[in-house]
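Quick notes on the structure that follows.
Proteins get letters first, then strands, A, B, ... in listed order; numbering begins at 1 in each. The analysis underlying the following values was restricted to heavy atoms, covering all of them including side chains, and did not include hydrogens, waters or symmetry mates.
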Amino acid sequence: MLTPENNSLSAAAPGALRQVIRTRFAPSPTGFLHIGGARTALFNWLFVRHHKGRFILRIEDTDEVRSTGDSVNAILDSIRWLDLSWDEGPLDDKRDSGSYAPYYQMQRLELYQKYMAQLVKEGLAYSCYCSKEDLDAMRRLAQLEKRPPRYDGRCRELTQSRRKELEAAGKKASLRFKMPEEGTTVVPDLIRGNVSFENKLQQDFVIRKTTGGPTYNFACVIDDHLMEISHVIRGDEHLSNTPSQIQIYKALGWEPPKFAHLSMILGPDGAKLSKRHGATSVLEYKQQGFLPAALRNYLALLGWSTTDSQQLFTEAELFERFDLAGCQKSPATFDPVKLSWMNGEYIRKMPIARLVKEAEPFIKAAGIASNGGPSLEKAVSLEHEKYKQLTEVPRLIDFFYKPVEFTPQAMDQVLRQSGVKRILVELAEDLNQVSPFTHDILEERVRKFCANRGLKTGQVFHPLRAASTGRTEGPTLFLMLEIMGRDMVISRLKSAAALLN
RNA sequence: GGCGCGUUCGUCUAGCGGCCUAGGACAUCGCCCUCUCAAGGCGGAGAUCACGGGUUCAAAUCCCGUACGCGCCA
């Protein structure tokens, strides 16, 4: 049971602590966490880490039909994977719930009701008995008369007795907020400057649905205030809602937080990024072998930049350099190619042991078992500079662990060339004498092999690679042979030779 | 439809009145390195700063309008 008394907030004076930077990410659990949401969460998080404030996670689950527990889990998993640690929010084994709990809106209904009652009492909100049909008719008429379709305020002045009648007739009521009819509401936005809206063009918006639940615009205000959010950093799509919210703050005698509206993320065709553009869920990026740090770095650059256009940032640099002033007003197009490049940069900088650890799930999923072959560390390190995504690791090392499969190019362009069979047979014999079987000795030996026969190095190197890996591309040859080991190399040379006539 | 926001290389962006013959990054092209593929190094191409008017000695930068895109309301 939540009452103002046991809500610890009543002890803390709202507004008094505003110098503490507090931001929040408030997703609706109606699906997975998508890239746009992740970017919003990231900016809130970076802003807070820069200012040494607190990052709050709040679940806006008041849409009873569309909200699901699975979505909550998917979103929390995504945020955890991205490592955007929240300081307060849904309980988690190691996180403090904070003193502003609960963080699920459905558990805060009594709080909303309290402030709804206050507004009604002060004459700032009123019951509206219009049915969906009434409202539809109103809209159609407005369209016919070429007026903007907005609620005409007809229930504002209902008499007590009329109200009773309607209620007796079983009419369900929503609660509407009385918007001021004159003046303008200015939204001071940290990214866009002052944006003003004329009050007479706004409408008396619903704050409580007929089902009894609060609407987004209302719950959001109550929570942001009670949770002492200092900066509301959210997507552009909420800018038009902000004047309504500011009026609620005013009606309740509260000081609004600072606002910052982030530009949207678009797909390659200029439309808002969505499923038809490919992967939009954060978890899909995990599956595709992106590293959280790389995704964070890439996302940070979508709509934010420094004056020197720095591209790669350590986490500490991001904390230090991030600010709202560097945020872009215009929307940004998501570029998977650049993300991929950046991920490659992160992989290259990663110590090999760490890379192996990160890549292991992908290696296992590809059916590669490391027993019976070289160590994964050795195999993976050979192509360290080549991976852009973790998903590429298995197919660049699998020939160490699986039977050789010859690509058409390896067959046609290399192995089936004349004289190759003989080279392979002789090479197998020659390399069998090599000791120790190390890359420098091997290289010396093979070069000598070429010189003795008057062959160009390429005439031998390429067949050697094709025979031992089945491919025309791969890691640096002699180091690869060393790691493969004498037995495997010799036997592969022999069986490749046997394959040729 | 009304209101709001936006518009610099294909993409992300620097730029906040003279430093801009517009800088960086990804992508692209060429060369070098080289046993292949990468990585790396060097270099090139790529933006009439959406368009049209102003203001100013001077505008990508300030003001107004138009177009287009997007968002919100329904």
When both distances are under 3.5 Å in a Watson-Crick or G-U wobble arrangement, the nucleotide paired with B/U55 is none
Suppose we define a pair by two distances each less than 3.5 Å, Watson-Crick or G-U wobble; what does B/A25 pair with here? B/U11
Contact class for A/G474 (heavy atom, under 4.0 Å): base, sugar-phosphate, or nothing? base
For B/C73, the nucleotide meeting Watson-Crick or G-U wobble distances (both under 3.5 Å) is B/G1
With C1' as the reference atom in both, quote the distance from B/A58 to B/C19 in angstrom, rounded to an integer. 14 Å
Can you tell me if the side-chain N/O atoms of A/T333 get under 4.0 Å from OP1 or OP2 in B/C12? yes
Near RNA chain B, counting only heavy atoms under 4.0 Å, which residues of residues 296-313 of chain A show up? A/L301, A/L302, A/G303, A/S305, A/T306, A/T307, A/S309, A/Q311
What contact category does A/S330 fall into here, base, sugar-phosphate, or nothing, at under 4.0 angstrom with non-hydrogen atoms? sugar-phosphate
To the nearest 0.5 Å, how far apart are OG in A/S375 and CZ in A/F400? 9.5 Å
Atom CG of A/D152 and atom P of B/G2: how far apart are they, to the nearest Å? 20 Å
Whole-Å gap separating P (B/C73) and CD (A/Q245): 11 Å
Could you tell me whether A/R348 and A/E345 make a salt bridge, using a distance below 4.0 angstrom between a side-chain N and a carboxylate O? yes
C1'-based separation of B/U48 from B/G1 [nearest Å]: 36 Å
B/U11 P sits how many Å from A/W341 CH2, rounded? 18 Å
Any idea which of B/C73, B/A25, B/U36 is nearest the A/K338 side chain? B/A25
Would A/D236 and A/H261 count as having a side-chain donor-acceptor pair, cut-off 3.5 Å? no
Indicate, yes or no, whether a donor-acceptor pair under 3.5 Å links the base of B/C5 to the side chain of A/R192. no
Work out how far the P atom of B/C29 is from that of B/A38, and round it to whole angstrom. 11 Å
Mind checking A/P475 for me? I need base, sugar-phosphate or nothing, with any heavy atom below 4.0 Å counting as a touch. base
What does A/E345 touch in the nucleic acid at a heavy-atom separation under 4.0 angstrom: a base, only the sugar-phosphate, or nothing? sugar-phosphate
Hey, which sits more toward the 5' end of RNA chain B by its nearest nucleotide, A/F334 or A/H238? A/F334
What interatomic distance, in whole Å, is found between C1' of B/C62 and the corresponding atom of B/C16? 11 Å
Which listed nucleotide (B/A39, B/A25, B/C5) is nearest to the side chain of A/V195? B/C5
Using a distance-only test with no angle check, is there a side-chain donor-acceptor pair under 3.5 angstrom linking A/Y112 and A/D223? yes
Interatomic distance at C1', B/C12 relative to B/G30, whole Å: 25 Å
Under 4.0 Å, counting only non-hydrogen atoms across every strand here, what does A/S196 touch: a base, just sugar-phosphate, or nothing? sugar-phosphate
Is there a side-chain polar atom (N or O) of A/Q328 under 4.0 Å from OP1 or OP2 of B/A14? yes
Is the base of B/C35 touched by the side chain of A/T457 through a donor-acceptor pair closer than 3.5 angstrom? no
Measuring to OP1 and OP2 of B/G40, would you say a side-chain N or O of A/R348 lies under 4.0 angstrom away? yes
Between the main-chain N or O of A/D440 and the side-chain N or O of A/E443, is there a donor-acceptor pair closer than 3.5 Å? no
Whole-Å gap separating C1' (B/C35) and CD1 (A/I423): 14 Å
In terms of side-chain heavy atoms of A/E385, which of B/A39, B/C70, B/C72 is nearest? B/A39
Taking atom types as modelled, is there a side-chain donor on A/T242 or A/R234 under 3.5 Å from an acceptor on the other? yes
Under a 3.5 Å cut-off for both contacts, is B/C20 paired Watson-Crick or G-U wobble with anything, and if yes, with which nucleotide? none
Of the candidates B/C72, B/A38, B/A27, the side chain of A/V337 sits closest to B/A27
Separation of A/H439 atom NE2 from B/C35 atom C1', in whole Å? 15 Å
Complementary nucleotide for B/U66 - Watson-Crick or wobble, under 3.5 Å: B/A50
Opposite nucleotide pairing with B/U36, Watson-Crick or G-U, both atom distances under 3.5 Å: none
Do we see a donor-acceptor contact under 3.5 Å between the side chains of A/S340 and A/N343? no
Taking B/U55 as the reference, what is the distance to B/G65 when you measure between their C1' atoms (whole Å, please)? 15 Å
Side chains of A/Q310 and A/R321: do they bring a donor and an acceptor to under 3.5 Å? yes
For B/C3 and B/C57, measure between their P atoms and round to the nearest Å. 36 Å
Toward the 5' end of RNA chain B, by each residue's nearest nucleotide, A/G326 or A/L339: A/G326
Mind running a 4.0 Å heavy-atom check of residues 388-421 of chain A against RNA chain B and sending the residues that fall below it, in number order? A/K388
Please state how far atom CG in A/L266 lies from atom P in B/U7, giving the value in whole angstrom units. 13 Å
Take atom CE of A/M264 and atom P of B/C5, then tell me their distance rounded to the nearest Å. 16 Å
Looking only at side chains, do A/Q245 and A/K250 share a donor and an acceptor under 3.5 Å apart? no
Can A/Q202 and A/T185 be counted as having a side-chain donor-acceptor contact under 3.5 angstrom? no
Please tell me whether A/N241 and A/Y216 have a donor and an acceptor in their side chains that are separated by less than 3.5 angstrom. no
To the nearest Å, how far apart are A/L262 CG and B/G6 P? 14 Å
Using the P atom as the reference point in each nucleotide, state the distance between B/A14 and B/A50 in Å, no decimals. 14 Å
Counter-base of B/C31, judged by Watson-Crick or G-U geometry with both distances under 3.5 Å: B/G41
A/K329 has a side chain; which of B/G6, B/U11, B/C35 sits nearest to it? B/G6
Nearest-0.5 Å distance that lies between atom CG in A/L464 and atom CD1 in A/I423: 10.0 Å
Polar contact flag, side-chain donor to acceptor under 3.5 angstrom, A/Q328-A/S305: no
